[in-house]
Amino acid sequence: MARLFRWIARAILLAVALLAAAILIFVLAPRFWLHEFPFMGETFTPEKWTEAGSCEGLTDYQCVMKESDCPRGPMVRSLLRRHLKAGTTLEAVVDLLGPAGHPEKDASGCMNWSLGMCSGLGIDYDSLFVCFDETDHLIKAGHVQH
């Protein structure tokens, strides 16, 4: 009888382990692939950022297609880790990134720069958001899917 209980206990542990592995594979891996992977891989430089956001010499259609390809997305991790530090002034951020999509801060003190259609299934636009306190010093930054 004790042997049967040990076998059942091992079977339950194996089932729990398999369930945990399935959660990792089917829940967390797609989240990484769809929502984190598009925002890494390139080192940020102001020149690459500006070129990625520029439509100079392109038709309207070509510009829309360029932006939908997520040209700025791969620089986001580098930008957040190396350049957008707490306390950085609004002026320094705008000097680094160029003008925001909307030149005024929103009600929560944030400004946004378009990244293109980066995360998820590539059907919604993503933005870099940078938020400032009342003295125009950076308090938080990240990316968001709209």
Side-chain angles (χ1 to χ4, degrees), residues 6 8-146:
R6 277 186 294 209
I8 291 172
R10 286 183 183 160
I12 290 171
L13 285 175
L14 179 61
V16 169
L18 289 174
L19 180 62
I23 289 171
L24 284 173
I25 291 170
F26 295 110
V27 175
L28 299 179
R31 179 181 172 8
F32 174 81
W33 186 260
L34 296 173
H35 298 287
E36 297 298 328
F37 186 71
F39 302 102
M40 61 176 78
E42 282 189 39
T43 301
F44 169 86
T45 67
E47 298 78 21
K48 283 197 295 188
W49 180 266
T50 300
E51 170 55 33
S54 172
C55 287
E56 189 173 326
L58 300 177
T59 67
D60 289 344
Y61 175 77
Q62 290 170 325
C63 185
V64 168
M65 293 308 293
K66 178 181 180 180
E67 186 171 85
S68 70
D69 285 340
C70 186
R72 290 176 164 172
M75 292 182 263
V76 168
R77 180 168 285 190
S78 168
L79 177 62
L80 292 173
R81 288 186 174 175
R82 296 190 180 110
H83 300 278
L84 297 180
K85 304 283 187 192
T88 304
T89 65
L90 170 64
E91 183 180 349
V93 171
V94 172
D95 285 346
L96 183 67
L97 301 177
H102 301 285
E104 302 296 321
K105 293 184 286 185
D106 63 20
S108 60
C110 300
M111 297 177 80
N112 294 283
W113 284 261
S114 179
L115 300 172
M117 295 182 187
C118 304
S119 62
L121 300 174
I123 57 174
D124 294 314
Y125 279 90
D126 293 88
S127 294
L128 172 73
F129 69 87
V130 183
C131 301
F132 301 91
D133 63 16
E134 56 282 338
T135 63
D136 286 341
H137 288 86
L138 190 152
I139 53 173
K140 68 178 176 178
H143 59 84
V144 63
Q145 183 181 23
H146 299 285

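This one's a predicted model, so the numbers in the text were calculated from it and none came from an experiment.
For the pair Phe39/Leu115, a side-chain contact is recorded, criterion being any heavy-atom separation below 4.5 Å from C-beta on. Two residues are said to be in side-chain contact when any heavy atoms from C-beta on lie closer than 4.5 Å; Leu128 and Trp49 meet this criterion. At least one side-chain heavy atom of Met111 sits less than 4.5 Å from a side-chain heavy atom of Leu90. Leu58 places none of its side-chain heavy atoms less than 4.5 Å from the side chain of Met65.
Within 6.0 Å of CG in Asp60 there are 12 or fewer heavy atoms belonging to other residues, nucleotides or ligands.
Counting only distance, with no hydrogens or angles, the side chain of Thr88 and the backbone of Leu84 share no donor-acceptor pair below 3.5 Å.
Note that SG of Cys70 is 11.0 Å distant from OH of Tyr125, once rounded to the nearest 0.5 Å. Distance check, rounded to the nearest 0.5 Å: OG of Ser127 to CZ of Arg72 gives 10.0 Å. Expressed to the nearest 0.5 Å, how far CG of Leu13 lies from CG of Leu18 amounts to 11.0 Å. Distance check, rounded to the nearest 0.5 Å: SG of Cys118 to CD of Gln145 gives 9.0 Å. Atom-to-atom distance recorded for Cys131:SG and Lys140:NZ is 5.0 Å, nearest 0.5 angstrom. Once rounded to the nearest 0.5 Å, the distance linking CE of Met75 with CG of Leu97 reads 10.0 Å.
Contact record, Leu80 with Gly142: CD2-N, 3.8 Å, taken as the closest heavy-atom pair. Across all their heavy atoms, Phe44 and Leu96 have their closest contact at CE2-CD1, 3.6 Å. Taking each heavy atom of Phe129 and His143 in turn, the nearest pair found is CE2-N, 3.6 Å.
Residue pairs meeting the salt bridge (Lys or Arg N to Asp or Glu O under 4.0 Å) criterion with at least one member in residues 82-92: none, sequence neighbours excluded.
Shown here are the side-chain hydrogen bond (donor to acceptor under 3.5 Å, both in side chains) partners of Arg6, two or more places apart in sequence or in another chain: there are none. For the side-chain hydrogen bond (donor to acceptor under 3.5 Å, both in side chains) test, residues two or more places apart in sequence or in another chain that qualify with Ser114 are Glu67. Under the rule for a side-chain hydrogen bond (donor to acceptor under 3.5 Å, both in side chains), Asp69 has no partner lying at least two apart in sequence or in another chain. Partners of Thr135 according to the side-chain hydrogen bond (donor to acceptor under 3.5 Å, both in side chains) rule, which considers only residues two or more places apart in sequence or in another chain, are Asp133, His137. Trp113 pairs by the ring-ring contact (aromatic ring centres under 6.0 Å, His included) definition with nothing, not counting sequence neighbours.
Looking at Lys66 and Glu51, a side-chain N of the basic residue comes within less than 4.0 Å of a carboxylate O on the acidic one, giving a salt bridge.
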